[in-house]
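Written out below as structure tokens is the structure these notes cover.
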Amino acid sequence: MNRSIISGTGRYIPPKLITNFDLEKEMNTSDKWIQQRSGIKERHYAEPGIGSSDLGYKAALKAIEDAQIDKSEIDFIIAATLSPDHYFPGIGVLIQAKLGLKNIGALDVRNQCSGFIYALSVADQFIRTGTYKKILLVAAEKQSANLDYSDDGRDLAVLFGDGGAAVIIEPGNSDEDRGILSTHLFSDGNYIEDLWMQRPSCKDHPCFSMDMITDKKLFPTMNGRNVFKTAIVKMPEAVRAALDQNNMTIEEVDHLIPHQANDRISQMVARNLKIPVEKVIRNIERYGNTTAASIPIALDEALEQGRIKPGDMIMLTAFGSGYTWASAAIRW
Ligand code: ACO
């Protein structure tokens with residue numbers, strides 16, 4: 001079976017910059033608190049009227065150009081987001097329509113911060129089996145539209161940012177030792193309440209009501225301490241699963257790209273794995289937590305900066321709502 005390679009990458013970050021000082025004007029927080037707890041200095045917000053599908057579409061155009069393919073060659077789309085334009089359908093079909101592609105399948109993945117690696121794993125299986133030849137994988141989030149900017153929601157509101165990224169996945173040459181070596185997916189649904197958006201829920205009748213707005217039931221909520229404690233254990237576990245599968249040691253990893261949840265989490269994951277922090281790609285300072293999009297944004301940026309060279313060993317890992325967590329080992 002052919003290994004899958006990432007043949008093109010792209011990102012789109014909306015232009016509107018929001019600094020910690022801007023958030024200080026909205027809620028009782030401070031630049032110092034945010035930086036100390038998360039490492040974030042600024043993030044970008046998309047304007048009203050723009051959806052995560054628009055961010056994903058713009059990133060997709062860049063990935064298509066980078067892969068030097070014609071968009072008509074794409075034979076499948078996978079889209080990961082927790083902030084879709086609509087309750088249904090998902091953003092996969094919206095991106096398909098914006099690209100003017102006809103009849104190809106479009107799959108939506110809903111695994112929150114782990115969404116990119118889950119989607120990558122699905123793409124990898126389709127490429128390995130020869131089902132598809134050029135898959136567009138998009139991860140995009142517009143978090144800013146549904147955060148509680150009052151003191152009640154400040155724990156979450158300061159962390160998140162908007163952005164999109166895309167990759168093209170296709171079969172590599174069988175004589176080259178590169179590509180996606182393995183992916184590893186995990187979940188534990190006993191902890192959904194630690195990080196969730198409880199409403200709207202089909203359990204309610206009616207599903208939407210005015211008191212959801214007055215009672216602030218429509219905002220996501222988080223048990224930050226539980227998320228922190230679990231993330232710093234589960235991401236290293238996922239990485240160790242990938243190392244074991246590939247008979248590799250952590251010393252052989254050139255770049256660790258963790259989901260940019262919080263810089264303190266990334267640093268603790270590095271410490272737990274005993275990987276030098278210089279090998280960890282970290283850009284949350286400038287983007288905040290862009291959820292499913294954070295890993296492909298970091299990958300695209302690291303490639304642009306020339307940090308990743310052909311033959312380098314890359315390890316991706318993520319943890320998020322669900323709980324879900326994952327890893328992927330990629331020889332570039
Ligand atoms: N600004 C100022 N003060 C705040 C803010 C804020 N934005 N948010 C919370 N506080 C206050 C709290 O209300 C609390 O006040 P109190 O002591 O008067 O009750 C105080 O700060 C301390 O709150 P804690 O929750 O104890 O703070 P902690 O040190 O645990 O930090 C944080 C909170 C940053 C959320 C931390 O738990 C954390 O890093 N958790 C990980 C969560 C995370 O990174 N999630 C990312 C999204 S999930 C994902 O991507 C995997």
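As the structure is a computational prediction, the values presented were derived from the model and not from experiment. Order of appearance sets the numbers: ligands from 1, and atoms from 1 within every ligand.
A salt bridge does not link K142 to D54: none of the charged side-chain nitrogens sits closer than 4.0 Å to a carboxylate oxygen. With respect to K234 and E237, a salt bridge is recorded, a charged nitrogen being found less than 4.0 Å from a carboxylate O.
Applying the salt bridge (Lys or Arg N to Asp or Glu O under 4.0 Å) rule to E26 yields no partners; only residues at least two apart in sequence or on another chain are considered. In this view, D22 and K25 satisfy the salt bridge (Lys or Arg N to Asp or Glu O under 4.0 Å) rule, not counting sequence neighbours.
For ligand 1, residues of the protein lying within 4.0 angstrom by heavy-atom distance are N28, T29, W33, R37, C113, R154, D155, V158, L159, F160, L195, M222, G224, R225, V227, F228, H259, A261, N262, R264, I265, N289, F319, G320.
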Table please: side-chain donor-acceptor pairs of residues 198-205 below 3.5 Å, with sequence neighbours left out.
residue : atom : partner : partner atom : Å
R199    : NE   : D204    : OD2          : 2.3
S201    : OG   : K203    : N            : 3.0

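A heavy-atom distance below 4.5 Å is found between the side chains of L137 and F116.
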